[in-house]
Colleague: 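Structure below; questions to follow.
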Amino acid sequence: MLYAVAALFAPPPALPLVQGVSLAPLTTLRLGGPADVFLRATTDAALARGLDWARNAGLPVLVFGGGSNLVIGDEGFGGLALQVATRGIASRTTAEGIEVSAAAGEPWDAFVDFVTTEGWAGLECLAGIPGLVGATPVQNVGAYGQEVAETLLRVRVLDRETLAVRWLDARALDFAYRDSLLRREPTRFVVLEVVFGLRPGGLPSLRYAELARALADEPLPSLARVRQTVVALRRKKSMVLDAKDPNTQSAGSFFVNPVVDAATADAVRQKAVAVGLVPAPDQVPSWPLEGGRVKLAAGWLIERAGFARGERWGAVGLSSAHALALVHHGGGTTRALVALARRIQQGVEERFGVRLEPEPIFINVGF
Ligand code: EPU
């Protein structure tokens, strides 16, 4: 009894803060200097306490997960690097289908594997993407014709200012292509949990032409089969993490696909024909969007601006499988990677008059 009462008043266990931790191994690019202080938070409470501790210490905080979309400066981070490592998946049946919730620190690909194996449709095209569940709403992760905005119902977040826990529904997140409120206001919330509404026994989505072609001989592919095919397509483009793949040290797509007005898209097509890149304007890959805007393929523009797949500039270069991925071959610096990205941005702008915007989050390094 005495012990129980004592436990009630016992201070919480000390936070496992570590000083001077190298961040490079925690990113898929394997680049970036050390963090002054590092905390791996395995509970929501530890996350909140870490934020509180940093505030009291007057330190900035970098909250991150799988490090697959992060470019960290060579000087590192002069504050607390807080890695989200919470786990847990739960599901319940509702009138609409099934609600599945996952803690922010759950590995995304394993989560997609779990839901597709259960026969719940809605995320099967998002297989093979590195990183953690909590990062997916931030940039509205998408691939092969699906994006999380289509099935995400709500997220539980920690308000970084008040440390209060809140729910935000999908509408409040104001999703757009690779964008959301969470990305536009990066220091406001930390995602703790994500809830998706999936369709038990639902049909897989085969909207992306390349995916539909790969499965053309199979009349009714299962969710698991679609998942497997997506992973195979991604593997061919070196877009899955694989230590044996020489292109693997990357941040995936380094630029987002530019969304331009119809006149700009036409100018790009005319230019491509004029300089002999394509025989006809409709050979330039492009996708019409609502409101007359057009999405162009950044990878295509990069290659046609004269940057070849597999080309290297010292320790950094372009993936030999996909021009949109910048690769670090080891022993390089963030400075060199960013200089290459700038050269590419400039080259594409000079040739096509279109400015590519980067996709990753940059920490302590300008772009
Ligand atoms: N292309 C080239 N050269 C290249 C790569 C692509 O000419 O080196 C052309 C392709 O031939 C195709 C077009 O560009 O006509 C589009 O290529 P792809 O189908 O590979 O898709 P993407 O637009 O380059 C996007 C996402 C990927 C996602 C794929 C598949 C963005 C920024 N990227 O790439 O997402 O996996 O579609 O859906 O939207 C990521 O965000 O990190 C990512 C990998």
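First listed ligand is number 1; within each ligand, the first listed atom is number 1. Atom set for the values below is all heavy atoms of this structure, side chains included, hydrogens, waters and symmetry mates excluded.
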Colleague: Which of the atoms in ligand 1, numbered in the order shown and given with their element, are less than 4.0 Å from a heavy-atom of Glu359?
Modeller: 32 (C), 40 (C), 41 (O), 42 (O)
Colleague: What atoms in ligand 1 come closer than 4.0 Å to a heavy atom of Val256?
Modeller: 32 (C)
Colleague: For ligand 1, is any non-hydrogen atom under 4.0 Å from Pro285's backbone (N, CA, C, O), its side chain (CB onward), both, or neither?
Modeller: side chain
Colleague: Is it the side chain, the backbone, both or neither of Phe255 that has a heavy atom closer than 4.0 Å to ligand 1?
Modeller: backbone
Colleague: With a cut-off of 4.0 Å, which atoms of ligand 1 are near a heavy atom of Tyr208?
Modeller: 18 (P), 19 (O), 21 (O), 30 (C), 37 (O), 38 (O)
Colleague: Looking at Arg234, which atoms of ligand 1 are within less than 4.0 Å of one of its heavy atoms?
Modeller: 36 (O), 44 (C)
Colleague: State whether Glu75 and Arg335 are salt-bridged, where the test is any N-O pair (Lys NZ or Arg NE/NH1/NH2 against Asp/Glu carboxylate O) under 4.0 Å.
Modeller: yes
Colleague: Show me the donor-acceptor pairs within less than 3.5 Å that the side chains of residues 312-326 make with the rest of the protein, sequence neighbours left out.
Modeller:
residue : atom : partner : partner atom : Å
Arg312  : NE   : Gly314  : O            : 3.2
Arg312  : NH2  : Gly314  : O            : 3.3
Ser319  : OG   : Ala321  : N            : 3.0
Ser319  : OG   : His322  : N            : 3.3
Ser320  : OG   : Asn247  : ND2          : 3.0
His322  : ND1  : Leu324  : N            : 3.2

Colleague: Taking 4.0 angstrom as the limit, do Lys237 and Asp245 come out as a salt bridge?
Modeller: no
Colleague: Give the single entry among Glu357, Arg309, His322 that approaches atom 24 (O) of ligand 1 most closely by any heavy atom.
Modeller: His322
Colleague: If you measure every N/O of Tyr177 against every N/O of ligand 1, is any gap under 3.5 Å?
Modeller: yes
Colleague: Give the atoms of ligand 1, by number and element, whose distance to some non-hydrogen atom of Met239 is under 4.0 Å.
Modeller: 44 (C)
Colleague: Can you sort out which atoms of ligand 1 are near Ala143, meaning under 4.0 Å from one of its heavy atoms?
Modeller: 28 (C), 36 (O), 38 (O)
